[in-house]
S.K.: 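One structure coming up, written as structure tokens, with questions to follow.
Indexing begins at 1, ligand by ligand and atom by atom, following the structure's order. Heavy-atom basis, side chains included; hydrogens, waters and symmetry copies ignored. These numbers were taken from a predicted model, which means no experiment stands behind them.
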Amino acid sequence: MRSKGRQWRDKVAIALIYPNQPSVGMANLGFQTLYQRLNQRRDVVCERVFLEIPEHGEMRGSPPPRSLPRSRESKSPLNAFDILAFSIPFENDYINILSLLSLSHIPLETQDRGPDFPLVIAGGMTTFINPEPISPFIDAFLIGEGETLLENFLDAYLKNRPTIEQKDLTPLLEIPGVYVPSLYEVAYTPDGLISERKASPPAPSTIQKQVEKDIDRFVTFYTFPKEASEFSDMAIIEVNRGCPRGCRFCAAGYLCLPFRNRSMENLLSFLKENRPREKTIGLLGTGVSDYPDLVPLSREILSLGYRISFSSLRIDRITDELAEILKKGGQKTVTLAPEAGSQRLRDLIRKDITEEEILRAVDALIRQDILNLKLYFMIGLPGETMEDIHAILSLIRKIRHTVLSHRYTTKRLGRITLTISPYVPKPATPFQWFPLLTLTGIKKRLAWLKKTLSKEPNVHVIADLPKWTYVQAVLSRGDRRIASLLKRVHENQGNWPRSFKESPINPDFFAYRSLDTDETLPWDFIDTGISKSRLLKEYLQARQQIASF
Ligand code: SF4
């Protein structure tokens, strides 16, 4: 039952909730910028809420917390707010939404929440990939980038507050990007495929993902608080959104399109006016290395007396000039993402980098005395064979050889850290139709890599646990029937194996099935701006490539 904090008077009180640990949420730029923007409105008060859970959370099988969740600022419980706004960047956090609601004595499902309970909304990357698995728990999703969308939503909320508080959400439907799942019915064939998706008028049949057309009209900037100790001396500034590269597996690449850059002038004048106290400026963006003025901007930032850091860099963009900037910027470790060991697999995923470019980038970095490399690889990619896995080892050996060839000049040896992640097929990408590789296949590849790489000096391997890959695939490609599985996992205190056994849902149907190209997919109703036919063309090309291997 709702009992609103008196201190907020007539303001709309929003609990902005990051359904994971504070240290993770505090380091999330999207979450923190929303918090800042909401509090800039005079008619809104926004406070932050996190799930205080042990490392890795309920998703990893830890028992959920028991205490009543409260906001950071006024220590208010969730029921004191008008709106609960979940920011959800990862599917892994779905289960934490249920924990937060139930600990707050708020019914889990929309249909059981009357006017006495806050409005529950959600946004963030996973929700505009595929919101369906959590749709029964959320009153309204905001599909797309948050800035204008959230402003428009709040304006509509304030204009129609009494109606919306009675849980009639019709006035919100005027806002492009607002998705009210309870206004849709989904029917299934006896085989479990979607046969029909019916919208109750005036709900639109398609929801258009919202993007900020002109990101240059505002600056996204953030400094980290104490909790995010890893970044405590860094200020982050976003340089661009979207990525022009189109790697076939990459959800971020497809979902953040179109590619948009901020002007260097605006970024620099912001930094000069505000003079952040932190020592390092981190440049952030989906396609940072494709920022057209990356080199001049970096040089200017260095000339202001800052160190510089990049969220990620494409291997083919690491020139001698950029390596020199990285060195001057104080970077001791650089992260590179070859993604696959063999050329044929890199071509298949459209990574568009050659082995020569990888080794040239390593060489340029080592010559600048940047000796520590973090390398990202995926296993279980479509069409992958053990030969491609062996190619990872051979590439690492060539990289080590390049590093060692400089040992007389550098006098030191750095560390090569490999992060190996099993590939999970993501909605709204060309690879959405491919199945997840079986857990047996993933384990076999991982075991071989761990064993062989452990014999390579100075090479360290970090790998995700395969069983969580399976859970992620189920949540990623699931439809609204998955909500009942989530409820069961919640009741079983995070015990996924037991819940899989008890549930009538067959999780393999979502994880291991090759999806038919003509079937209706659970997320097809979201217009991401990239047509299904474009994704399909890429998928069919990839299949042809696999057939010709
Ligand atoms: S993997 Fe990197 S380069 Fe490729 S589309 Fe995604 S963000 Fe862009």
Side-chain angles (χ1 to χ4, degrees), residues 28-30 89-91 124-126 128-130 145 209 211 215 220 236 238-262 282-292 294 309-319 322 334-355 357-358 360-361 373-384 388 392 395 418-432 434 464 472 476 528-531 534-539 541-542 545:
N28 186 291
L29 181 74
F90 308 111
E91 295 94 352
M125 185 79 162
T126 50
F128 53 98
I129 296 179
N130 175 19
E145 292 173 10
K209 183 196 84 179
V211 290
I215 58 167
T220 309
I236 294 285
E238 187 190 47
V239 297
N240 61 14
R241 288 186 188 176
C243 174
R245 302 295 187 131
C247 303
R248 284 170 172 156
F249 64 90
C250 178
Y254 276 89
L255 280 155
C256 299
L257 287 172
F259 182 48
R260 293 147 289 159
N261 291 292
R262 287 199 167 94
L283 302 186
L284 183 93
T286 331
V288 173
S289 37
D290 286 313
Y291 182 67
L294 187 65
S309 169
F310 302 90
S311 58
S312 62
L313 285 171
R314 284 256 329 174
I315 286 167
D316 52 0
R317 303 291 285 190
I318 300 187
T319 56
L322 196 60
V334 168
T335 302
L336 305 174
E339 316 284 13
S342 69
Q343 193 59 49
R344 66 172 187 174
L345 213 50
R346 284 195 298 272
D347 291 344
L348 179 83
I349 64 176
R350 264 205 197 287
K351 189 67 194 180
D352 214 15
I353 43 167
T354 62
E355 186 169 286
E357 286 170 320
I358 298 169
R360 204 185 305 138
L373 300 173
K374 276 190 190 167
L375 302 173
Y376 281 107
F377 286 93
M378 287 185 292
I379 55 169
L381 282 160
E384 181 187 87
D388 300 299
I392 295 179
L395 179 60
L418 266 81
T419 300
I420 301 174
S421 309
Y423 167 70
V424 174
K426 289 286 176 181
T429 67
F431 281 3
Q432 65 184 356
F434 280 118
D464 287 346
Q472 204 194 343
S476 187
T528 61
I530 309 294
S531 69
R534 182 170 152 194
L535 301 180
L536 187 58
K537 193 171 152 214
E538 288 287 330
Y539 169 68
Q541 273 177 12
Q545 279 172 264

S.K.: Show me which atoms of ligand 1 lie under 4.0 Å from any heavy atom of Thr286.
M.R.: 7 (S)
S.K.: For a quick check under 3.5 Å, do Gln541 and Arg350 share a side-chain donor-acceptor pair by atom type?
M.R.: yes
S.K.: Report the nearest protein non-hydrogen atom to atom 2 (Fe) of ligand 1: residue, atom name, distance rounded to 0.1 Å.
M.R.: Lys351 NZ, 4.1 Å
S.K.: Compute whether any side-chain donor of one residue and acceptor of the other, for Thr354 and Arg346, lie under 3.5 angstrom apart.
M.R.: no
S.K.: Which residue owns the protein heavy atom closest to atom 6 (Fe) of ligand 1, what's the atom, and how far is it?
M.R.: Cys250 SG, 2.4 Å
S.K.: With Asp290, which of Arg245, Arg314, Arg241 fulfils salt bridge (Lys or Arg N to Asp or Glu O under 4.0 Å)?
M.R.: Arg245
S.K.: Is the ring centre of Phe434 less than 6.0 Å from the ring centre of Tyr539?
M.R.: yes
S.K.: Below 2.8 Å, any N, O or S contact between Cys247 and atom 8 (Fe) of ligand 1?
M.R.: no
S.K.: Give a yes/no verdict on whether any heavy atom in Phe249 is under 4.0 Å from an atom of ligand 1.
M.R.: yes
S.K.: Looking only at protein heavy atoms, which one is nearest to atom 8 (Fe) of ligand 1, and how far off is it?
M.R.: Cys243 SG, 2.2 Å
S.K.: Does Arg350 have a non-hydrogen atom less than 4.0 Å from ligand 1?
M.R.: no
S.K.: Report, as yes or no, whether the 6.0 Å neighbourhood of atom CZ on Phe90 holds more than 12 heavy atoms from other residues, nucleotides or ligands.
M.R.: no
